[in-house]
There are 2 protein chains.
Amino acid sequence: MARAALSADAVVDVALRLVDEEGPAALTLAAVAARAGVATPSLYKHVRNLAELRSLMSARIAEELGDRIGEAVLGRSADDAIRALMMAWRAYVVENPNKYGSLDQSPDPQRAEAAKRVVDIIVASLRAYGLEDSDAIHATRCLRAAAHGFAVLEAAKGFQMAEDLDESYDLLVRMVTAGLRLPVHGG
Amino acid sequence: MARAALSADAVVDVALRLVDEEGPAALTLAAVAARAGVATPSLYKHVRNLAELRSLMSARIAEELGDRIGEAVLGRSADDAIRALMMAWRAYVVENPNKYGSLDQSPDPQRAEAAKRVVDIIVASLRAYGLEDSDAIHATRCLRAAAHGFAVLEAAKGFQMAEDLDESYDLLVRMVTAGLRLPVHGG
DNA sequence: AGATCCGGCTAATGCCATTAGCTTTTGGGC
DNA sequence: GCCCAAAAGCTAATGGCATTAGCCGGATCT
């Protein structure tokens, strides 16, 4: 062992704080190193390269999101759980738009675990609707699409009209909860 | 005037083809210039900088998407129109995942027009449901969130399970069309 | 024909990621 | 208490990229 000043986790911490405060475009190894009080190349002792740092950051963001929605569904079921889950999802995005905006969806092992947890929480919440196996997968995809789509658009300031976003989201939540009662096939 | 070899539009064309073929990460002025058969700095005669090129590209992508969904809703109404619109949206994404992935949502004048057209088409399609004014805005946001969310996740290969994506999307379309009959407020 | 302007070019700057290779610190075994 | 191996830091160097400055040639208009 040696000086334990820095670590991969610590680098990710610093990077996340940087993105949170200055936006995704501010993420450079130089900026992270400066914040960590270290020369740029030193970061390579903890992280393979910028791409890996991004991936680790995404994993952490997915974990945080998973924590939030996991808490939200505790002790709730059916519409109540889905509403809480979606509300928690959006609350996370509103609190951390820059972080959410730098979440990337690319499939890599690191992220797989965190993403899987989010999916598992959703799938579990869908059991109250009688959705299992393939049906639960299809329904989960719809829920993710709705929540993520709204999140991305809101984080990117893609909704320009003056109407209250809370009301829009409330409608979306009701669309989803009602939609989970539809037959997964046919109609 | 002088040699009309290149133009802002032509540069955008080249850039879009580049992104389409090699992915969003391949977008550099150097690469665009190489494809255009020109030295890198020459591009600055047509485009202010990389950020503006990105913006122009986004505008074009939004236009293309607008064309597609505009065509799709022609001669249809209500569920039929919404289904056609959402199907056209996804078809565009599946055909052009890289282009769609480089669509950015940031609000700037160039993009405003193209984005507005997409929104207008949706709003118009919602009239069949009796949705007007604020209600139409809220409903439009939900539809955009659903379609865009699915599109982003699919383009980024965010859906890992083996289940057929067509079936998932069909469920999403039915969720939306059914959801458009919900009261916009309350429930 | 000549002035003008547009659109191209080369050269130069500065930031960034990444690599190589050296130095320092630290903790464990003697 | 001392030595050594490895971890973690550093400086220097490389190469790609965006961007700016300033020059040049040809097309257009008068």
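So that the names make sense, note that chain A is the first sequence line, chain B the second, and so on, each numbered from 1.
For DNA chain C, no neighbouring residue in residues 8-23 of chain B is found when judged by any heavy atom under 4.0 Å.
Outside the 6.0 Å centre-distance limit, the rings of B/His138 and A/Phe159 are not counted as a close aromatic pair.
Nearest nucleotide to the side chain of B/Ser42, out of C/dG8, D/dC10, C/dT10: C/dG8.
Legend: salt bridge (Lys or Arg N to Asp or Glu O under 4.0 Å) pairs involving residues 139-149 of chain A, not counting sequence neighbours: none detected. Among residues at least two apart or in separate chains, salt bridge (Lys or Arg N to Asp or Glu O under 4.0 Å) pairs with a member in residues 31-48 of chain B are B/Glu21-B/Arg35, B/Glu22-B/Arg35, B/Arg48-B/Glu52. Applying the side chain to side chain donor-acceptor pair (under 3.5 Å) definition to pairs two or more places apart or across chains, those involving residues 123-132 of chain A are A/Asp79-A/Tyr129.
A donor-acceptor distance shorter than 3.5 angstrom exists from the side chain of A/Gln160 to the backbone of A/Lys157, with no hydrogens or angles considered. Between the side chain of B/Ser42 and the backbone N or O of B/Val38, no donor-acceptor pair lies under 3.5 Å.
Using a 4.0 Å cut-off between a side-chain N of Lys or Arg and a carboxylate O of Asp or Glu, A/Glu63 and A/Arg68 do not qualify as a salt bridge.
In this view, A/Arg90 and A/Glu154, A/Asp166 satisfy the salt bridge (charged side-chain N to carboxylate O under 4.0 Å, His left out) rule, not counting sequence neighbours.
In this structure, the NZ atom of B/Lys45 is 14 Å from the P atom of D/dC24, given to the nearest Å. Rounded to an integer number of Å, the gap from A/Leu6 CG to C/dT26 C1' is 16 Å. Following rounding to the nearest Å, A/Leu43 (CG) and C/dT19 (P) show an atom-to-atom distance of 13 Å.
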Listed pairs, N/O of protein and of nucleotides 16-18 of chain C, under 3.5 Å:
residue : atom : partner : partner atom : Å
C/dA17  : OP1  : A/Leu29 : N            : 2.8
C/dA17  : OP2  : A/Leu29 : N            : 3.1
C/dA17  : OP2  : A/Ala30 : N            : 3.1
C/dT18  : OP2  : A/Tyr44 : OH           : 2.9
C/dT18  : OP2  : A/Leu50 : N            : 2.9
C/dT18  : O5'  : A/Tyr44 : OH           : 3.3

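Taking 4.0 angstrom as the limit, B/His46 places none of its side-chain polar atoms (N or O) nearer than this to OP1 or OP2 of C/dC6.
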